[in-house]
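Order of listing sets the numbers, starting from 1, for every ligand and every atom in it. Side-chain atoms are counted along with the backbone in the values below, which use heavy atoms only and exclude waters and symmetry mates.
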Amino acid sequence: AGIAALTLLALPISGRADVPPVPFGAFRGFNVIYIQMESIQQFLIGSKLQGQEVTPNLNRLVQRGLSFTRCYPQTGMGNTSDAELLAMCSLLPLKDHGVFNLLRSPIPSLPQQLKAMGYHTYAFHGNSPSVWNRRRVYPLIGIDKYYHRGKLVNDDVVGLGISDMSLLRQTGHVMFKRKLLKEPFFALVMTLSSHHPYKVKGWNFPKGPFEGTVLGDYLASANYADHALGEFIDALEGSDLARRTLVVIYGDHRAPGLEMERVNQFLQENQMKPISSEGWKQRDFSRVPFIVLIPREDGTYEAGSSDIPCGQWDISPTVAHLLGFKMPNALGEDLLEEPRGLVVFPQEEIIYRDYWSAFGGKTLVDMTMERPVVPMVLNPQWDAARRAKEMSLRTLGLK
Ligand code: GP9
């Protein structure tokens, strides 16, 4: 282990963080809105279909705000609900169970922490509250008021629930027009219309060569979700809340069911590297956007980007930096400090800087493919991964 550790010290990292220094606690007392986007992946950012941007609003926000371009979803069996756990609690989910179905007692989380500081906590989602046991789990993670399908107007339904356009308009109405949320607040807002099988009827987004394919439907549904997001951000920016609200936008998990050949055709048309069934390529392809909008006095946002690997477990420690506290029991890290570049997955995999390693360290790949892989094992990182899993189980009350 000693030799491996020495080798590791010399491990290069190709990623770069070009993130402005933001003082710890500079945004103490600000409202926080989390926008968790269903199945929205990073490869959509900047990509075009027949000359039309798929996600014009996300593309604009990536430029205007702080963007982490190598954020990996660390979800397990609990899919979307695992992303909620990761982003709000900085804990690791499980590969073979949905943690939300197992939780019985309160766990440390960003909403819990904020409540202790006088915040009010809310969630908005267009599905039924029984899905992923949210009705029971939200109080355990400190969310007090849940606007769900049973409480909102079901005027427009897409797939599993209220359409993103309707949900985000209703959410905007409650937040910015009627001002029903008590400040300071934390609000989790989750989109749904880009859920598999990605059917959004009547939405005009020409699918070109992908007409009649799952990928074509996915791109159209992503365009729809992006449009709803754009409207919501415009409504926020038109309100006085914009000056005292942090917005955090991230994708929940990889979009299931996309045809790999079609994806490669699309990637190629967008000058991106193709994928294959190799584990590391699949993992790298799964990346999701992670954007933080930190308002400045002049109506713009703090801008910058980082392509150092990170994961959804880093979201709340990073937000806590802005709000001026350390997240208790967090397994992720504050990306506004020196990030170590370690991402642990529930499925026996880790990413450490440019390296992907699986099966307890038996496989190791240099993801840049720019260097021969020297025989070594990431012993300290695998030890850290095992410790993280243990600590997560204990904090969740599952061990
Ligand atoms: C529904 C949403 C979908 O509320 O959570 O969940 P998923 O199927 O992606 O886990």
Side-chain angles (χ1 to χ4, degrees), residues 34-42 44 71-89 91-103 109 111 122-141 143 145-154 156-168 170-171 187-200 214-215 217-219 221-222 224-226 228-229 249-258 282 285-290 311-313 315 345-347:
Y34 266 30
I35 306 178
Q36 178 171 308
M37 299 192 73
E38 174 66 39
S39 299
I40 296 297
Q41 287 187 229
Q42 177 70 18
L44 296 168
C71 179
Y72 293 89
Q74 297 162 283
T75 52
M77 194 65 115
N79 298 338
T80 298
S81 59
D82 284 349
E84 293 163 63
L85 177 82
L86 281 149
M88 289 189 286
C89 309
L91 296 172
L92 261 186
L94 302 171
K95 68 167 188 256
D96 43 12
H97 287 98
V99 168
F100 273 23
N101 292 328
L102 305 175
L103 271 188
S109 67
Y122 305 86
F124 295 81
H125 184 45
N127 207 342
S128 309
S130 57
V131 174
W132 286 124
N133 207 22
R134 290 185 178 107
R135 193 203 303 268
R136 294 227 169 99
V137 169
Y138 279 177
L140 301 178
I141 58 178
I143 292 178
K145 183 152 186 170
Y146 180 15
Y147 290 86
H148 49 71
R149 193 173 177 171
K151 290 217 169 128
L152 294 159
V153 182
N154 285 239
D156 185 31
V157 169
V158 167
L160 296 175
I162 301 173
S163 71
D164 291 349
M165 213 78 88
S166 174
L167 176 85
L168 289 178
Q170 293 188 57
T171 305
L188 168 70
V189 182
M190 287 193 295
T191 69
L192 187 58
S193 300
S194 43
H195 190 279
H196 185 270
Y198 319 116
K199 300 280 186 201
V200 183
V214 182
L215 177 67
D217 290 343
Y218 172 64
L219 296 174
S221 71
Y224 175 84
D226 177 83
L229 172 74
I249 303 168
Y250 59 95
D252 62 353
H253 52 69
R254 182 185 173 155
L258 305 184
Q282 290 288 320
F285 175 68
S286 75
R287 280 175 292 127
V288 293
F290 170 27
Q312 291 162 321
W313 68 356
I315 295 176
F345 300 94
Q347 305 83 358

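Between the side chain of R149 and the backbone N or O of L160 there is at least one donor-acceptor pair closer than 3.5 Å. Panel note: side chain S194, backbone A222; no donor-acceptor pair is recorded below 3.5 Å.
By the criterion of a heavy-atom distance under 4.0 Å, neither the backbone nor the side chain of D252 is placed next to ligand 1. Residue contacts with ligand 1, taken as heavy atom pairs separated by less than 4.0 Å, involve R134 solely via side-chain atoms from C-beta onward.
Every residue meeting the ring pair (Phe, Tyr, Trp, His ring centres under 6.0 Å) condition with H196, not counting sequence neighbours, appears here in chain and number order: Y198.
Between the side chains of H253 and T80, at least one donor N or O lies within less than 3.5 Å of an accepting N or O. Between the side chains of D164 and S193, at least one donor N or O lies within less than 3.5 Å of an accepting N or O.
In this structure, the protein non-hydrogen atom closest to atom 6 (O) of ligand 1 is T80 OG1, 3.1 Å. Of the protein's non-hydrogen atoms, N127 ND2, 2.9 Å is the one closest to atom 1 (C) of ligand 1. With respect to atom 8 (O) of ligand 1, the closest heavy atom belonging to the protein is H195 NE2, 2.8 Å.
Each of the following atoms of ligand 1 lies closer than 4.0 Å to a heavy atom of L192: 1 (C), 2 (C). Here is the list of ligand 1 atoms found below 4.0 Å of a heavy atom in E38: 3 (C), 9 (O). Close approach of ligand 1 to V131 (heavy-atom distance below 4.0 Å) involves ligand atoms 1 (C), 4 (O).
Interatomic distance, C89 SG to Q312 CD, rounded to the nearest 0.5 Å: 12.5 Å.
Y250 and Y34 have perpendicular rings, their planes meeting at more than 60° on a 0 to 90° scale where under 30° would count as parallel.
Considering backbone and side-chain atoms together, H253 places an N or O closer than 3.5 Å to an N or O of ligand 1.
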